Amino acid sequence: ESAIASSLPVGRLLEARGKRKAPLVVNVHGGPHAAHCPTPWMEMLALADAGFNVLWVNPRGSVGYGEDFARAIVGAWGDADASDLFLLIDRVVRRGNTDRNRIGVLGLSYGGYMVHFLLGHFPGRFAAAVSENPVTDLVSEFGNADYGTDIGRMATGKALPSDSPDLWLDRSPYAQIHLNEAPLLLLQGDADLRCPPVNSEIPFAILKTLGRKVEMVRYPDEAHTMFIGGRPDRRIDRLERIVGWFRQYLR
């Protein structure tokens, strides 16, 4: 493991065993006001063991670097943090750790939001993606989620969809997902109240209608954080699907 020195943002790279250059998977944390710690998550270790380099980053919006840093994305989800993610990805490419055409992206919750945002707003930058329990439609989230009214306000800076319908649409990643051609795997807990299944169903239906490579796996009775509290066999299945997806489309 080696730290990538940068004051804005902060990132760490877990290198595949014995390999400096390998396909890269970028893991985006949820929240958005959360942060990756130095310890890699289980899927990062599984990916590294399977021969991938893994980059996990604390872009603007993350906590732990001051209030201004954390509030930099309030009302403008996806702008500053996308810029920071690409800054670190470019650094990894320049260091010779990966090729630009073998980069994938992975994220849960707000990380899933960013997966869809990046695929739709920057088509062609990623060769494969895995989204887990994402937010993709802020209006559906507003009416269905346990925290949806606050999520919409944080993403847009507006309290109600009617305050600025165009802005709520612009900040909903499904609106641009039709531009994506990278294979996308959607993992969704059926009992998720924070990011209900409709958030996965909409992009799945759009991409399936367009004939793109997309798959959705729904886990019965599983909630938002199945990866730490779900049934053990389903947690194993999740890891196997993540690794298998990137093996298929980044090699």
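Bear in mind that the values here come from a model prediction, so they are computed numbers and not experimental data. Because only heavy atoms are used, hydrogens play no part in the values below, and waters and symmetry mates are left out as well, while side chains stay in.
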Exercise for the section: Examine distances only and state if a side-chain atom of Asn133 and a backbone atom of Leu108 form a donor-acceptor pair shorter than 3.5 Å. Expected result: no
Problem - Cluster link Val198 to Ile177, ILVMFWY, side chain under 4.5 Å - result: yes
Please tabulate, for the side chains in residues 244-251, all donor-acceptor contacts under 3.5 angstrom to protein atoms that are two or more places apart in sequence or on a different chain.
from   : atom 1 : to     : atom 2 : distance (Å)
Trp245 : NE1    : Ala129 : O      : 3.2
Trp245 : NE1    : Pro183 : O      : 3.3
Arg251 : NH2    : Ala50  : O      : 2.5

Residues 137-144 side chain polar contacts: donor-acceptor under 3.5 Å, at least two apart:
from   : atom 1 : to     : atom 2 : distance (Å)
Asp137 : OD1    : Val139 : N      : 3.2
Asp137 : OD2    : Ser140 : OG     : 2.5
Glu141 : OE1    : Asn199 : ND2    : 2.9
Asn144 : ND2    : Ser140 : O      : 2.8

Handout entry: Residue pair Ser200 / Pro134, side-chain heavy-atom distance below 4.5 Å
Key = yes
Problem - Pairs flagged by salt bridge (charged side-chain N to carboxylate O under 4.0 Å, His left out) wherever residues 100-114 is involved - sequence neighbours left out - result: Asp90-Arg100, Asp99-Arg102
Practice task
May I ask you to decide if Asn101's main-chain N or O and Arg125's side chain share a donor-acceptor pair within less than 3.5 Å?
Solution key: no
Exercise for the section: Measure from the side-chain N and O atoms of Thr156 to the backbone N and O of Lys158, and report whether any donor-acceptor pair falls under 3.5 Å. Expected result: yes
Handout entry: Leu106 vs Leu47, side-chain contact (heavy atoms from CB on, under 4.5 Å): CA-CA, chis, key distance, verdict
Key = CA-CA 11 Å; Leu106 163 69; Leu47 286 164; 4.2 Å; yes
Handout entry: pair Arg20-Asn97: side-chain heavy atoms closer than 4.5 Å
Key = yes
Exercise for the section: With sequence neighbours excluded, tell me which residues meet side-chain contact (heavy atoms from CB on, under 4.5 Å) with Ser83. Expected result: Arg60
Handout entry: Heavy-atom neighbours of Arg71 CZ exceed 12 at 6.0 Å
Key = no
Problem - Minimum-distance pair of heavy atoms, taken over all atoms of Gly51 and Ala22 - result: O-CB, 3.4 Å
Handout entry: Distance-only polar pair, side chains of Asp192 and His224, donor-acceptor under 3.5 Å
Key = yes
Handout entry: Main-chain N/O of Ser172 paired with Trp77 side-chain donor or acceptor, under 3.5 Å
Key = no
Practice task
Please identify each residue that fulfils salt bridge (Lys or Arg N to Asp or Glu O under 4.0 Å) with Asp190, with sequence neighbours left out.
Solution key: Arg218
Exercise for the section: Please examine the side chains of Phe227 and Arg235, heavy atoms only from C-beta on, and report whether any two atoms are closer than 4.5 Å. Expected result: no
Practice task
State yes or no: do Val130 and Leu45 share one hydrophobic cluster built from I, L, V, M, F, W and Y residues joined by side-chain heavy-atom distances below 4.5 Å, directly or via other members?
Solution key: yes
Fill in the blank from the handout: By side-chain contact (heavy atoms from CB on, under 4.5 Å), Arg212 pairs with (sequence neighbours left out) Glu181, Leu207, Leu210
Exercise for the section: Following the transitive rule for hydrophobic clusters with a side-chain heavy-atom cut-off under 4.5 Å over Ile, Leu, Val, Met, Phe, Trp and Tyr, establish whether Val26 and Val92 coincide in one cluster. Expected result: yes
Problem - Asp166 and Arg171 ion-paired at < 4.0 Å - result: no
Practice task
Group every Ile, Leu, Val, Met, Phe, Trp and Tyr by side-chain heavy-atom contacts under 4.5 Å, then state whether Val25 and Val217 land in the same group.
Solution key: yes
Handout entry: Heavy-atom pair with the smallest gap, counting every atom of Ala70 and His33
Key = O-CE1, 3.0 Å
Problem - Check: Arg234 side chain, Pro220 main-chain N or O, donor-acceptor pair, under 3.5 Å - result: yes
Completion exercise
By side-chain contact (heavy atoms from CB on, under 4.5 Å), Ile236 pairs with (sequence neighbours left out) Glu240
Practice task
Answer with yes or no whether the hydrophobic clustering places Ile73 together with Leu87; edges join I, L, V, M, F, W, Y residues whose side-chain heavy atoms lie under 4.5 Å apart.
Solution key: yes
Problem - Polar side chain donor-acceptor pair, Ser62 to His29, under 3.5 angstrom - result: yes
Problem - Partner set under salt bridge (Lys or Arg N to Asp or Glu O under 4.0 Å) for Asp233, not counting sequence neighbours - result: Arg231
Exercise for the section: Using the side-chain contact (heavy atoms from CB on, under 4.5 Å) rule, take Asp84 and Val57 through it: C-alpha gap first, then chi angles, then the decisive distance, then the call. Expected result: CA-CA 9 Å; Asp84 291 351; Val57 179; 5.6 Å; no
Exercise for the section: Please report the shortest heavy-atom distance between Ala80 and Ala72, naming the atom on each side. Expected result: CB-O, 4.5 Å
Handout entry: Check: Asn53 side chain, Leu13 main-chain N or O, donor-acceptor pair, under 3.5 Å
Key = no
Problem - Distance-minimising heavy-atom pair for Ala145 and Arg194 - result: CB-O, 3.3 Å
Exercise for the section: Sequence neighbours left out, what passes salt bridge (Lys or Arg N to Asp or Glu O under 4.0 Å) with Arg241? Give chain and number order. Expected result: Asp237
Handout entry: By ring-ring contact (aromatic ring centres under 6.0 Å, His included) - contacts of Tyr147 (at least two apart)
Key = none
Problem - Partner of Asn180 by side chain to side chain contact (heavy atoms under 4.5 Å, CB included), out of Val115, Leu118, Leu119, Val214 - result: Leu119
Practice task
Name all residues meeting the ring-ring contact (aromatic ring centres under 6.0 Å, His included) criterion together with Tyr219; count only those two or more places apart in sequence or in a different chain, and write none if there are none.
Solution key: none
Handout entry: side-chain contact (heavy atoms from CB on, under 4.5 Å) involving His121 - partner list, sequence neighbours excluded
Key = Phe117, Gln176
Practice task
For Asn27 and His36, work out which heavy atoms get closest and say how close.
Solution key: O-NE2, 3.2 Å
Problem - Which atom of Met42 lies closest to which atom of Leu239, heavy atoms considered - result: CG-CD1, 3.5 Å
